[in-house]
Amino acid sequence: MLYKLDIDQRGVATVTLNRPELHNAFNDDLIRDLIVCFNDLENNSGVRLVILTGEGKSFCAGADLNWMKRMKDYSHEENVKDSQNLAELFTVINRFTRPVIGKINGSALGGGAGLVACCDYVVAVDTATIAFTEVRLGLLPAVISPFVIAKIGESHARASFLSGAKISMSRAFVMGLVHQVTTSEHLDAEIEKVVADFLLAGPSAAVRAKELINRVVRAETMEDARDFTCEMIAKARVGAEGQEGMSALLEKRKASWY
Ligand SMILES: C/C=C/C(=O)SCCNC(=O)CCNC(=O)[C@H](O)C(C)(C)COP(=O)(O)OP(=O)(O)OC[C@H]1O[C@@H](n2cnc3c(N)ncnc32)[C@H](O)[C@@H]1OP(=O)(O)O
């Protein structure tokens, strides 16, 4: 298995990419393993959120170049199929119904930067760099582009995709790729604070909030967005969790999901 999985009593799952000797670069085995892992976590109703991180000094060095280079012996159709597996990985992480927190322990390059963009909340060490290096390798940040452009917008995508230049953490913060920057010494403690904040949300409300964002950003018109957002709040306020959350605040007690 090219990743490690730990699920604690609170339902916090930690997925750790585990190919440290290759800076957690992904090959077809790691891609397949991670898709299965995230699908299993999706089907595990006890999981409240996922932390995604890397073993060793890097978060993820993107695609394993030895593996990608070998793809020249494959047909065009096989190459397209293979790229679709990678797209599937980004999709299962990005669409994972519960929050995914990126714990960026080191550099995230190429497809590794794409993984960062798929996370809902990202805490990174100040020594990490993010770079969409693909063009410097004669390649393209293709499969990751929908996720990254949705996150940072066209202007930042043009600036970073076309040069492949390293992005410092202060810049990644401004771009909205990273939400918090800390030292490696404080990374675990900062992640724990973030986890505690996310666990304060009603479990079902957190899932619905993520669904809301995914639907609003993909809505074709304001009217479409208005219709389903009204539907969603109409259901939430009469639902058991909404009723419990409001009662708990009014009665000055903790809601029962804590
Ligand atoms: C569709 C998706 C496309 C993509 O994702 S394209 C790939 C984009 N990735 C990159 O551009 C990352 C390339 N790697 C690096 O820039 C550096 O490496 C690091 C910053 C990650 C680490 O640098 P340092 O600490 O100096 O270590 P080191 O000596 O460069 O690497 C140790 C071993 O790891 C191998 N390695 C690093 N990244 C990859 C990779 N992406 N694919 C295959 N091998 C990789 C190296 O070659 C080397 O190997 P050895 O020990 O045999 O010399």
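Remember, it's 1-based here, ligands and their atoms both numbered in the order they're listed. Not measured: the values here are computed from a predicted model.
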Protein heavy-atom partner closest to atom 34 (O) of ligand 1 - residue, atom, separation in Å:
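Among all protein heavy atoms, the one nearest atom 34 (O) of ligand 1 is His23 CD2, 3.5 Å.
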Between the side chains of Thr97 and Glu42, is a donor N or O closer than 3.5 angstrom to an acceptor N or O?
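Yes - a donor-acceptor pair under 3.5 Å links their side chains.
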Measure from atom 31 (O) of ligand 1 to the protein's non-hydrogen atoms and state whether any distance is below 4.0 Å.
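Given the 4.0 Å cut-off, atom 31 (O) of ligand 1 counts as touching protein heavy atoms.
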Any protein heavy atom under 4.0 Å from atom 2 (C) of ligand 1?
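Answer yes: something from the protein, a heavy atom, is under 4.0 Å.
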Full working for side chain to side chain donor-acceptor pair (under 3.5 Å) between Lys81 and Asn85
CA-CA 7 Å; Lys81 173 81 192 70; Asn85 290 340; 3.2 Å; yes
Would you mind listing which atoms of ligand 1 come within a distance below 4.0 Å of any non-hydrogen atom of [X]?
{"X": "Lys57", "answer": "25 (O)"}
{"X": "Gly111", "answer": "4 (C), 5 (O)"}
{"X": "Leu22", "answer": "34 (O), 35 (C), 44 (N)"}

Side chain or backbone of Glu134 under 4.0 Å from ligand 1, or both, or neither, by non-hydrogen atoms?
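Answer for Glu134: side chain.
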For ligand 1, note which part of Asp64 has a heavy atom under 4.0 Å away: side chain, backbone, both or neither.
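Near ligand 1, Asp64 shows its backbone as well as its side chain.
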Among Gly62, Gly114, Ala63, Gly106, which one has a heavy atom closest to atom 41 (N) of ligand 1?
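That would be Ala63.
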Any idea which of Leu109, Val135, Thr129, Thr133 brings a heavy atom closest to atom 11 (O) of ligand 1?
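Shortest heavy-atom distance from atom 11 (O) of ligand 1: Thr133.
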Taking only non-hydrogen atoms of Val143, do any sit less than 4.0 angstrom from ligand 1?
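False for this residue.
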So that I can tick it off, tell me whether Arg226 and Glu223 are bridged by a salt bridge, with the cut-off set at under 4.0 angstrom between side-chain N and carboxylate O.
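Salt bridge flag = no for Arg226 with Glu223.
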In plain terms, say whether Lys103 and Glu192 are close enough for a salt bridge, that is, a side-chain N and a carboxylate O under 4.0 Å apart.
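Salt bridge absent between Lys103 and Glu192.
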Hey, does Ala61 come in under 3.5 Å of ligand 1, counting only N/O atoms on both sides?
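Between Ala61 and ligand 1, an N or O pair is found under 3.5 Å apart.
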N or O contact, Leu137 vs ligand 1, cut-off under 3.5 Å:
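There is no such contact.
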So Phe147 and Phe90, would you call those rings parallel, tilted or perpendicular, with 30° and 60° as cut-offs?
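The arrangement is tilted - the two ring planes meet at 30° to 60°.
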